[in-house]
Amino acid sequence: MDIEPRRLAEILRESPIWARLGMTAPDPRLRARTPDRLAGYLTAELARPDAPDIRQLSLPIQ
């Protein structure tokens with residue numbers, strides 16, 4: 001799978017705030033768990049098919 005940096009940045013911006021804040025939490029146990037949860041979120045989002053572009057005209061198949 002080829003991951004585009006733009007797509008990854010978009011997913012990170014849309015990730016839950018707890019995932020981003022957990023990386024800098026004062027609690028060491030929370031900091032230790034956060035990368036696994038964030039990685040799970042990223043993996044799920046990358047596995048999801050991209051939504052079709054609504055600006056693209058659909059052509060009938062004949």
Side-chain angles (χ1 to χ4, degrees):
M1 172 187 345
D2 188 27
I3 303 170
E4 295 180 20
R6 183 177 298 164
R7 174 74 175 125
L8 186 55
E10 179 182 306
I11 292 171
L12 286 170
R13 275 192 296 275
E14 294 172 357
S15 66
I17 192 70
W18 60 262
R20 291 180 273 153
L21 291 177
M23 300 293 278
T24 60
D27 179 12
R29 290 182 299 170
L30 181 59
R31 278 196 318 267
R33 288 192 315 256
T34 300
D36 294 330
R37 302 265 174 103
L38 185 56
Y41 177 79
L42 292 173
T43 303
E45 288 297 310
L46 287 170
R48 197 176 65 168
D50 291 336
D53 187 354
I54 60 172
R55 296 172 294 179
Q56 179 69 38
L57 295 174
S58 60
L59 299 175
I61 299 176
Q62 296 180 3

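Computation of the quantities below employed the complete heavy-atom set of this structure, encompassing side-chain atoms and omitting hydrogens, waters and symmetry-equivalent molecules. Because the structure is predicted, anything quoted here is derived from the model rather than measured.
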Tell me which donor-acceptor pairs under 3.5 Å the side chains of residues 22-32 have, and how far apart each pair is, sequence neighbours excluded?
residue, atom, partner, partner atom, Å
Thr24, OG1, Leu21, O, 3.2
Asp27, OD1, Arg29, N, 3.2
Arg31, NH1, Ala25, O, 2.6
Arg31, NH1, Pro26, O, 3.3

> What heavy-atom pair brings Ala19 and Leu38 nearest, and what distance separates the two atoms?
Replying inline: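 Of all heavy-atom pairs spanning Ala19 and Leu38, the closest is CB-CD1, 3.7 Å.
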Distance-only donor-acceptor hits, side chain of residues 8-18, under 3.5 Å, sequence neighbours excluded:
residue, atom, partner, partner atom, Å
Glu10, OE2, Arg7, NH1, 3.1
Ser15, OG, Leu12, O, 2.7
Ser15, OG, Arg20, NE, 3.3

